[in-house]
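Structure first, then comments.
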Amino acid sequence: MYKLLDQINSPEDLQSLTADDLCRLSDEIRDFLISNVSKTGGHLAPNLGVVELSLALHSVFSTPKDKIVWDVGHQSYIHKILTGRKKQFNDLRKFKGLSGFPKPEESEHDSFATGHSSTSISAALGMAKARDLKQSSEKVVAVIGDGALTGGMAFEALNHAGHEKSNLTVILNDNEMSIGENVGAMSSYLSRLRTDPTYHRVKDDIEFLLKRIPAIGGKVIKSMERVKDSLKYLMVSGILFEEMGFTYLGPIDGHDVSNLLNVLKNAREKNGPVLVHVITKKGKGYEPAEKFPDKFHGVSSFDVSTGKPLERPNLPPKYSEVFGDTVTEIAKEDKSVVAITAAMKDGTGLKSFEKEFPERFFDVGIAEQHATTFAAGLASSGYKPVIALYSTFLQRAYDQITHDICLQNLPVVLGVDRAGIVGGDGETHQGLYDLSFLRNIPNLVIMSPKNEKELKDMISTGISLNKPVVIRYPRGCGEGVPLNEPPKLLPLYKGETLRKGNQIALVAVGKMVNHANKVAENLETHGISTTVYNARFIKPLDEEGIKKLASSHQHLCVFEENTEIGGFSSGVLEYLSSIGMSDKILFRFALPDKFIPQGERDKLLAEYMMAPEQISDKLLNFLRDEGEQVDHG
Ligand SMILES: Cc1ncc(C[n+]2csc(CCOP(=O)(O)OP(=O)(O)O)c2C)c(N)n1
Ligand SMILES: CC(=O)[C@@H](O)[C@H](O)COP(=O)(O)O
Ligand SMILES: [Mg+2]
């Protein structure tokens with residue numbers, strides 16, 4: 001199928017290839033990527049942009065002895081192709097298939113697990129210091145994008161690396177894109193680096209002129225070093241990185257394999273930290289991705305000939321879209337509402353808010369900690385910030401929520417998107433811990449809607465509370481309920497009974513409410529009288545409602561799409577034990593205390609015995625063993 005790629009089964013196989021061969025191999029790899037990712041979905045544009053860079057890296061450095069850390073890691077598909085995993089791309093991001101991110105347990109060539117942005121330089125510096133302490137000789141490389149470079153951790157690591165002066169190569173993959181257009185002063189600085197020929201021209205002109213002055217010219221050039229350096233201070237050419245103790249090389253064309261090979265060999269041999277500034281095009285080699293790199297950042301299956309997603313039945317609106325539209329509607333009436341994203345305006349649905357209120361919309365870059373305390377600052381000055389962050393990325397801002405928002409009881413609403421199982425992104429992205437790490441923060445209200453209509457109501461209720469509020473909701477489409485009614489204020493800290501029975505009460509939050517309804521229907525066919533209670537509030541808990549259920553049913557079961565450790569069901573257990581009724585809890589249905597792998601949500605729920613039919617069977621078997629009357633159904 002592929003003349004060159006079929007011969008590549010490990011990085012060593014690159015050593016015999018010429019630069020021309022590598023160019024031809026780049027074309028084959030792009031064809032392979034487009035063909036496979038169009039079927040499986042995945043991060044296409046980021047990977048199309050780093051084909052030559054990945055080939056050059058694996059030609060100059062030799063993994064697994066040398067270490068390459070891929071920041072975010074969404075752009076590591078070519079790295080995986082070159083390190084013996086091309087045959088696994090049929091199952092990319094699928095249950096029990098190839099991960100879309102580096103995973104040491106998947107290959108010895110994957111030096112560090114990544115998925116969250118801006119960690120690569122820190123990890124690479126740690127590896128470099130370990131090498132120095134062991135007095136071994138491996139090379140260490142971090143590959144970081146211009147988007148990831150807006151993350152605070154990256155600066156902390158650059159600062160430390162410049163101080164330590166260990167040998168380390170940082171490749172800055174600059175494609176002017178985060179998921180959407182990159183933002184921030186660093187991004188503007190990089191674009192000056194990319195486009196500013198002035199410095200080079202002025203420096204060359206001076207030298208050219210001086211060389212023409214007979215005799216003294218040479219001496220003057222020497223003394224002109226200071227002038228040249230002062231020009232450097234005036235111009236750009238990586239001065240920021242040079243001042244942080246790095247040797248700056250670049251900017252270079254990230255699609256010119258020959259030049260990449262030369263510069264990387266040069267960087268490899270340099271002492272101290274080196275930053276190689278590589279200019280690439282996100283989506284290179286596939287026109288739809290080049291034209292719309294944001295849309296092709298992360299794609300589902302698509303038609304290669306048009307770039308359009310494969311036909312899907314008309315699905316309900318996504319929770320994220322409902323979130324963004326609702327906040328925008330409320331902001332039309334309430335001028336104090338402002339919206340904040342950390343480089344995820346598309347994914348969180350806040351693009352609609354930006355369009356309507358550009359002056360009240362803030363994209364802070366990949367900077368969740370800053371986003372959160374920035375919101376606290378706005379709130380302390382009379383505004384009502386709404387921040388949308390993915391559950392998994394919110395993990396970064398735990399102290400900011402605690403120390404900067406809740407301690408001061410500031411009116412900030414946190415939309416915690418992608419809460420629950422997220423699917424193909426796997427362990428690094430599952431939103432399964434937010435109920436546990438948020439529930440212990442004083443002053444914080446935590447809600448989770450059973451559907452997209454209740455999400456609207458919770459947003460309106462949350463903003464009206466004028467205090468710290470979290471609303472957690474899942475990735476993907478809503479339940480298809482009507483959305484034409486305006487949002488209403490919910491009865492505070494109260495749940496609702498959706499189905500009335502008297503034997504077993506199923507208490508659920510969020511998407512698990514629909515799960516509980518299915519279990520209840522199943523139990524009722526076996527003659528088991530079942531209540532379904534939508535708790536709505538994880539904190540403060542609806543204690544009165546829970547107590548009533550415990551007093552009027554033989555058993556309670558609790559459902560949540562969160563780890564079983566410290567989440568909603570732990571809160572119910574804590575409360576019931578405080579009133580001597582903890583024995584009423586029969587089962588807690590939550591995710592186990594482990595990192596949950598990638599895979600379709602239904603497959604993962606079944607893997608952990610949380611499919612509705614599995615839960616029903618478990619309950620029916622328990623009741624039978626207890627001698628309860630259970631019809632055949
Ligand atoms: C902490 C964190 N926040 C947000 C994200 C979501 N995310 C994944 S890739 C990406 C953009 C990365 O841009 P860049 O580093 O320039 O890489 P490129 O896709 O351009 O190659 C973002 C925001 C993340 N992975 N981690
Ligand atoms: C690599 C990364 O972190 C993001 O691109 C993430 O994969 C987006 O997730 P969604 O597809 O759920 O928006
Ligand atoms: Mg980028």
Side-chain angles (χ1 to χ4, degrees), residues 41-51 53-54 70-78 93 99-102 114-121 142-154 171-184 186-187 190-191 194 254 277-284 289 293-300 318-321 341-349 363-372 388-397 417-431 473-477 598 601:
H43 289 94
L44 182 62
N47 282 282
L48 287 173
V50 296
V51 175
L53 177 59
S54 304
W70 298 89
D71 205 287
V72 180
H74 62 318
Q75 81 296 53
S76 62
Y77 295 4
I78 300 98
R93 296 164 51 89
S99 168
F101 299 91
T114 46
H116 285 192
S117 171
S118 320
T119 64
S120 61
I121 305 173
V143 182
I144 186 168
D146 55 309
L149 196 62
T150 61
M153 255 187 93
I171 311 286
L172 170 56
N173 171 33
D174 181 3
N175 54 22
E176 298 183 87
M177 295 295 289
S178 187
I179 292 182
E181 292 274 327
N182 202 0
V183 296
M186 171 52 81
S187 174
L190 293 179
S191 63
R194 275 192 300 275
H277 184 186
V278 176
I279 311 296
T280 62
K281 182 163 190 56
K282 195 163 184 175
K284 184 159 177 78
D294 53 346
K295 293 198 176 10
F296 279 83
H297 170 84
V299 287
S300 49
K318 292 181 178 174
Y319 276 95
S320 309
E321 288 159 16
T341 180
M344 306 289 288
K345 67 182 172 187
D346 285 310
T348 59
D363 181 351
V364 300
I366 309 179
E368 288 82 3
Q369 295 170 320
H370 164 62
T372 309
L389 295 174
Y390 288 15
S391 167
T392 191
F393 305 140
L394 176 70
Q395 291 163 188
R396 287 235 159 128
D417 197 339
R418 278 31 175 214
I421 289 172
V422 296
D425 279 340
E427 293 88 340
T428 54
H429 285 67
Q430 303 292 12
Y473 47 93
R475 182 177 198 269
C477 295
Q598 66 196 37
R601 178 170 177 267

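Ligands are counted one by one from 1 in listed order, and the atoms in each one are counted from 1 as well.
Residue Met344 has no nitrogen or oxygen atom sitting less than 3.5 Å from a nitrogen or oxygen atom of ligand 1, judged on distance alone. Distances between N or O atoms of Gln75 and those of ligand 1 include no value under 3.5 Å. Distances between N or O atoms of Glu368 and those of ligand 1 include at least one value under 3.5 Å. Considering both main-chain and side-chain atoms, Gly115 comes within under 3.5 Å of ligand 1 through a nitrogen or oxygen pair. Considering backbone and side-chain atoms together, Tyr390 places an N or O closer than 3.5 Å to an N or O of ligand 2. Checked by distance only, ligand 1 and His116 stay at 3.5 Å or farther apart across all their nitrogen or oxygen atoms. Here's the thing with Gly147: one of its N/O atoms is less than 3.5 angstrom from an N/O atom of ligand 1. Considering backbone and side-chain N/O atoms, Asp146 comes within less than 3.5 Å of an N/O atom of ligand 1.
The nearest protein atom to atom 9 (O) of ligand 2, hydrogens excluded, is given as Asp425 OD2, 3.4 Å; this is a heavy-atom distance. Looking only at protein heavy atoms, the nearest one to atom 4 (C) of ligand 2 is His43 NE2, 3.9 Å. In terms of protein heavy atoms, atom 15 (O) of ligand 1 is closest to Ala148 N, 2.9 Å. In terms of protein heavy-atom proximity, atom 12 (O) of ligand 2 is closest to Arg475 NE, 2.7 Å. When only non-hydrogen protein atoms are considered, atom 21 (O) of ligand 1 lies nearest to Asn175 ND2, 3.4 Å. Looking only at heavy atoms of the protein, atom 7 (N) of ligand 1 is closest to Ile179 CD1, 3.9 Å. The single protein non-hydrogen atom nearest to atom 1 (C) of ligand 1 is Arg396 NH1, 3.2 Å, given as residue, atom name and distance. For atom 9 (S) of ligand 1, the closest heavy atom belonging to the protein is His297 CE1, 3.5 Å. When only non-hydrogen protein atoms are considered, atom 8 (C) of ligand 1 lies nearest to Val72 CG1, 3.9 Å.
Atoms CD and CD, on Glu427 and Gln598 in that order, are 6.5 Å from each other to the nearest 0.5 Å. For the atom pair Phe101 CZ and His74 NE2, the distance stands at 8.0 Å (nearest 0.5 Å). Separation of atoms CG (Asp174) and NZ (Lys281) is listed at 12.0 Å; rounding is to 0.5 Å. If you take CD1 on Ile366 and CE on Met153, they are separated by 12.5 Å, rounding to the nearest 0.5 Å. Gln430 CD to Arg601 CZ: the interatomic distance, rounded to the nearest 0.5 Å, is 11.0 Å. Considering CG of Leu172 and CD1 of Ile144, their distance stands at 7.5 Å, rounded to 0.5 Å.
Considering Asn175, Asp146, Thr150 in turn, Asp146 is the only one that fulfils the side-chain hydrogen bond (donor to acceptor under 3.5 Å, both in side chains) rule with Asn182.
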Tell me, with the steps shown, if Asn173 and Thr280 meet side-chain hydrogen bond (donor to acceptor under 3.5 Å, both in side chains). CA-CA 7 Å; Asn173 171 33; Thr280 62; 2.5 Å; yes
Could you walk me through whether Thr348 and Arg418 pass side-chain hydrogen bond (donor to acceptor under 3.5 Å, both in side chains), step by step? CA-CA 9 Å; Thr348 59; Arg418 278 31 175 214; over 6 Å; no
Take Tyr319 and Asp417, measure what side chain to side chain contact (heavy atoms under 4.5 Å, CB included) needs, and give me the verdict at the end. CA-CA 8 Å; Tyr319 276 95; Asp417 197 339; 5.6 Å; no
Given Thr428 and His116, is the side-chain hydrogen bond (donor to acceptor under 3.5 Å, both in side chains) satisfied, shown in steps? CA-CA 7 Å; Thr428 54; His116 285 192; 5.6 Å; no
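For ligand 2, the atoms sitting less than 4.0 Å from at least one non-hydrogen atom of Val72 are 1 (C), numbered in the order shown with element in parentheses. Ligand 1 places these atoms under 4.0 Å from at least one heavy atom of Gly145: 14 (P), 15 (O), 16 (O). Heavy-atom proximity to Phe393, at under 4.0 Å, picks out these atoms of ligand 2: 3 (O). The distance from ligand 2 to the heavy atoms of Arg418 drops below 4.0 Å at these ligand atoms: 10 (P), 12 (O), 13 (O). Set against the non-hydrogen atoms of His297, the atoms of ligand 2 under 4.0 Å away are 5 (O).
Between the OD1 atom of Asp146 and the OD1 atom of Asn175, the angle taken at the Mg ion (ligand 3) works out to 80° after rounding to 10°.
Comparing Gly347, Ser178, Ser117 by heavy-atom distance to atom 11 (C) of ligand 1, the nearest is Ser178.
Look at His429 and you'll find a heavy atom under 4.0 Å from some atom of ligand 2. Residue-ligand proximity: Val422 is placed with every non-hydrogen atom at 4.0 Å or more from ligand 2.
The side chain of His74, and not its backbone, has at least one atom closer than 4.0 Å to an atom of ligand 1 (non-hydrogen atoms only; side chain from C-beta on). In Ile366, the part holding a heavy atom less than 4.0 Å from any atom of ligand 1 is the side chain.
His429 and Phe393 have perpendicular rings, their planes meeting at more than 60° on a 0 to 90° scale where under 30° would count as parallel.
With contacts defined as side-chain heavy-atom distances shorter than 4.5 Å, the pair Trp70/Ser54 qualifies. Two residues are said to be in side-chain contact when any heavy atoms from C-beta on lie closer than 4.5 Å; Asp425 and Arg93 meet this criterion. Residues Asp294 and Met177 are in side-chain contact: their nearest non-hydrogen atoms beyond the backbone lie under 4.5 Å apart.
Side-chain atoms of Ser178 never come within 3.5 Å of backbone atoms of Gly180 as a donor-acceptor pair (strictly under, hydrogens ignored).
By the 4.0 Å N-to-carboxylate-O rule, Lys282 lies too far from Glu176 to be salt-bridged with it.
Backbone or side-chain N, O or S atoms of Asn182 do not reach the Mg ion (ligand 3) at under 2.8 Å. Here Met177 reaches the Mg ion (ligand 3): one of its N/O/S atoms is less than 2.8 Å from the metal.
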